[in-house]
Amino acid sequence: MLELRLVQGSLLKKVLDAMRELVNDANFDCSATGFSLQAMDSSHVALVALLLRSEGFEHYRCDRNLSMGMNLNNMSKMLRCAGNDDIITIKADDGTDSVTFMFESPNQDKIADFEMKLMDIDSEHLGIPDAEYQAIVRMPSSEFARICKDLSSIGDTVVISVTKEGVKFSTAGDIGTANIVCRQNKTVDKPEEATIIEMQEPVSLTFALRYLNSFTKATPLSDTVTISLSSELPVVVEYKIAEMGYIRYYLAPKIEE
Amino acid sequence: KSSQGRLESFFKPM
């Protein structure tokens, strides 16, 4: 028996929007820790890892570990039927092949339930060890989204370089080149507007902009984004989900031949 | 010239 009640139902809609461009089908894993997911895109270049901790739910009952295979577009179709202020409850019984999403309006005058068929998905979990990163950049998520969008109109790949001067995003294409440098800036009115660079040593890596643009679909989930870089490791782009957990994206770098 | 790396080159399957 599984029953997860999330007062801030719109958060689940945002989480789905943040993943479904990258991944079609995924197994949601439910345990005492929380509601989580790890899935790769079809080309195994990018990976998304989601954790919504059990403490973040108003009610969280998960009698035994359960893995539920869902088509994210179908799930999104159902969640779009929930109002933005609705409370969403996810329910599943042991041994059934469906999941129920229950939507309650804030004043309880409308209650809807949508039952979705589950699917069997062969998921390949990768072990992601904790690593020391050479550079960690924290910046406003809207700024990162703007940079990725702007650069993708010029080129297909971005070189992200961190030095003590700041973080530089560079691209090149048929029509020309572009460089955007963001310097560390802690003197802002609000902490979420700061750009903070923690650098152990300079690092420079190349990534496909198409994937980074997909990651920025998580922008509505968090005011800030953290980009962790190390040579010869996938970049980690993390959006913290307040009170709940995180959505992290891993992207393998382009390798020089 | 550069080629796109894959995640399995960095992380092992569990």
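Each chain gets a letter, A, B and so on, in the order the sequences are listed, and its residues count up from 1. Worth knowing before you read on, the calculation uses all heavy atoms, side chains too, and leaves out hydrogens, waters and symmetry mates.
- Within a 6.0 Å sphere centred on CG of A:D120, other residues, nucleotides and ligands contribute 12 heavy atoms or fewer.
- Other residues, nucleotides and ligands contribute only 12 or fewer heavy atoms inside 6.0 Å of the CG atom of A:D156.
- Comparing A:L126, A:L233, A:T157 by heavy-atom pairs within less than 4.5 Å of chain B, the highest count is held by A:L126.
- Counting only heavy atoms from C-beta outward, the side chains of A:I255 and B:S2 never approach each other to under 4.5 Å.
- When all heavy atoms of B:G5 and A:A252 are compared, the pair lying nearest together is O-CB, 3.3 Å.
- Taking the six-membered ring wherever Trp is involved, the centroid distance between the rings of B:F11 and A:Y250 falls below 6.0 Å.
- Heavy-atom neighbours of A:E232 CD from other residues, nucleotides or ligands within 6.0 Å: at or below the threshold of 12.
- Using a 4.5 Å heavy-atom cut-off against chain B, the contacting residues of residues 35-47 of chain A are A:M40, A:S43, A:H44, A:V45, A:A46, A:L47.
- Residue A:Y211 holds its OH atom at 6.0 Å from CD of B:Q4, rounded to the nearest 0.5 Å.
- Around the NZ atom of A:K217, the shell of radius 6.0 Å holds no more than 12 heavy atoms that belong to other residues, nucleotides or ligands.
- A:P129 has its side chain out of reach of B:F10: every pair of non-hydrogen atoms, C-beta onward, lies at least 4.5 Å apart.
- Between the CD1 atom in A:I128 and the NZ atom in B:K12 there is a gap of 13.5 Å [rounded to 0.5 Å].
- Taking CE from B:M14 and CD from A:E124, the interatomic distance works out to 13.0 Å, rounded to the nearest 0.5 Å.
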